[in-house]
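One structure follows; several queries about it will come next.
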Amino acid sequence: KLWIIVILLLCFACGNNKYVVTTSIEKRSTKNILKKVEQHQLDYDWFTAKLNGKVEMNGSNTPVSANLRIRKDSVIWISVSALLGIEVARMQITPDSLKLMDRINKTYWTADFAEADQLLGVSINYKQLEGALVGHISFKNQRLKSIISEGKYLLFNKSKKENPQSKLWVDNRFLANTFLLKNESEQSFTIRYLDYEKHAQRWVPRKVNLLLASINTQTEANFTYSKVGINIPKKVNFNIPDSYAPMD
């Protein structure tokens, strides 16, 4: 299920006003930091973008080009293309399901988030997945502490018993810089937002680095967003042909 992992990695990834980080930062309460982060998040109903990059897995690099369409709180749609723009895979993610079509092998895969958790090794839900694509990291219903670390705000779980453990580094513009999820089995996701651009008066990730790691394996992905569209409705067709077979 290489395409499943590749596309899920895509999901943890993202006018040209460049994003500049400075080291000046003042002490604030955790509540105030979270409020400021929320104020700087992108307000949208539709988000679309072109995505280009590569996934490094088992020592080999896989170039990836994809079209991304998100209808907020409803659906994430991804079409992955190979050379000459030929579609090789398509994925649709909703709050309760994940569906994938492999155009090359004429197969499909369907699952819920519990099955995806088993595949990736780290628990994730639709809201977190959607948010990660546009730089929104949610800590809803979690008790947090915060400190200043290396010129950034660091937010983390108050209790070390929570699983997985979450950490978020926020820069002086209250934009997500690095997000880490790590479970008790030492499996982890690390998302780094390396660059931002401004759209609709809000900052949107432009370059994203993602690392999926366990004790024995490591998969890394680097992606760049372009042709970002805000609140431009798009079709999100996903129909599995009768001739397609379930993936093994």
Side-chain angles (χ1 to χ4, degrees), residues 1-14 46-71 74-126 128-130 132-133 181 185 187-191 208-227 234-248:
K1 296 187 175 69
L2 173 62
W3 279 119
I4 299 172
I5 296 175
V6 169
I7 292 180
L8 288 176
L9 286 174
L10 285 176
C11 292
F12 276 97
C14 325
W46 282 89
F47 178 90
T48 60
K50 179 77 173 178
L51 189 152
N52 290 284
K54 63 180 181 179
V55 176
E56 185 176 343
M57 186 184 305
N58 299 325
S60 62
N61 290 323
T62 303
V64 175
S65 177
N67 286 306
L68 168 67
R69 298 172 184 176
I70 301 174
R71 186 174 185 178
S74 177
V75 62
I76 299 167
W77 181 97
I78 301 171
S79 173
V80 180
S81 301
L83 295 175
L84 304 178
I86 299 172
E87 186 181 57
V88 296
R90 183 179 294 189
M91 192 167 198
Q92 178 177 283
I93 305 168
T94 64
D96 57 6
S97 69
L98 299 91
K99 299 178 181 179
L100 171 72
M101 282 190 289
D102 180 343
R103 295 293 200 186
I104 303 300
N105 297 302
K106 299 187 183 302
T107 58
Y108 69 91
W109 175 77
T110 61
D112 57 24
F113 275 90
E115 293 173 88
D117 291 348
Q118 291 179 353
L119 181 66
L120 293 173
V122 178
S123 179
I124 192 72
N125 60 44
Y126 177 87
Q128 291 170 319
L129 191 58
E130 183 183 278
L133 286 164
L181 269 178
S185 300
Q187 294 169 313
S188 66
F189 263 125
T190 304
I191 309 168
V208 179
N209 169 269
L210 182 137
L211 184 66
L212 172 63
S214 64
I215 294 175
N216 298 316
T217 62
Q218 178 173 299
T219 302
E220 185 172 6
N222 288 278
F223 304 110
T224 300
Y225 282 52
S226 63
K227 298 182 180 178
K234 296 285 186 177
K235 293 182 179 180
V236 286
N237 296 330
F238 194 93
N239 297 306
I240 301 173
D242 293 337
S243 59
Y244 279 36
M247 290 184 184
D248 295 331

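All figures in this text were calculated on a predicted structure; none of them were measured in a lab.
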Pairing residues for D242 by the side chain to side chain donor-acceptor pair (under 3.5 Å) criterion, not counting sequence neighbours: none
Those residues that, when tested against N61, pass side chain to side chain donor-acceptor pair (under 3.5 Å) (two or more places apart):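 Per chain and number, N61 pairs via side chain to side chain donor-acceptor pair (under 3.5 Å) with no residue.
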Residues which pass salt bridge (Lys or Arg N to Asp or Glu O under 4.0 Å) with E56, listed by chain and number, not counting sequence neighbours: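 Per chain and number, E56 pairs via salt bridge (Lys or Arg N to Asp or Glu O under 4.0 Å) with no residue.
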Side chain proximity check, N67 to K50, heavy atoms < 4.5 angstrom: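 A side-chain contact under 4.5 Å exists here.
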Pairing residues for K99 by the side chain to side chain contact (heavy atoms under 4.5 Å, CB included) criterion, not counting sequence neighbours: S97, T110, F238
W109 and M91: CA distance, side-chain angles, deciding distance, side chain to side chain contact (heavy atoms under 4.5 Å, CB included) verdict: CA-CA 9 Å; W109 175 77; M91 192 167 198; 3.9 Å; yes
T107: partners by side chain to side chain contact (heavy atoms under 4.5 Å, CB included), with sequence neighbours left out: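 Scan of T107 (side chain to side chain contact (heavy atoms under 4.5 Å, CB included), adjacent residues dropped) gives D102, N105, M247.
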Side chain to side chain donor-acceptor pair (under 3.5 Å) involving Y244 - partner list, sequence neighbours excluded: R103
Side chain to side chain donor-acceptor pair (under 3.5 Å) partners for N222, two or more places apart: N209
Any side-chain heavy-atom pair of P241 and K106 under 4.5 Å: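 No, every pair of side-chain atoms sits at 4.5 Å or beyond.
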By side chain to side chain contact (heavy atoms under 4.5 Å, CB included) - contacts of Q218 (at least two apart):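 So Q218 forms a side chain to side chain contact (heavy atoms under 4.5 Å, CB included) with L211.
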Residue pair L68, I76: steps toward the side chain to side chain contact (heavy atoms under 4.5 Å, CB included) verdict: CA-CA 7 Å; L68 168 67; I76 299 167; 3.9 Å; yes
Q92 to V75 - nearest heavy-atom pair and separation: CG-CG2, 3.6 Å
Among L98, I93, T94, side chain to side chain contact (heavy atoms under 4.5 Å, CB included) partner for D96: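 Testing D96 for a side chain to side chain contact (heavy atoms under 4.5 Å, CB included) against L98, I93, T94 leaves exactly one candidate, T94.
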Residue list, salt bridge (Lys or Arg N to Asp or Glu O under 4.0 Å) with R71, at least two apart or on another chain: none
Partner set under side chain to side chain contact (heavy atoms under 4.5 Å, CB included) for K235, not counting sequence neighbours: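 Partners of K235 under the side chain to side chain contact (heavy atoms under 4.5 Å, CB included) test: R69, N237.
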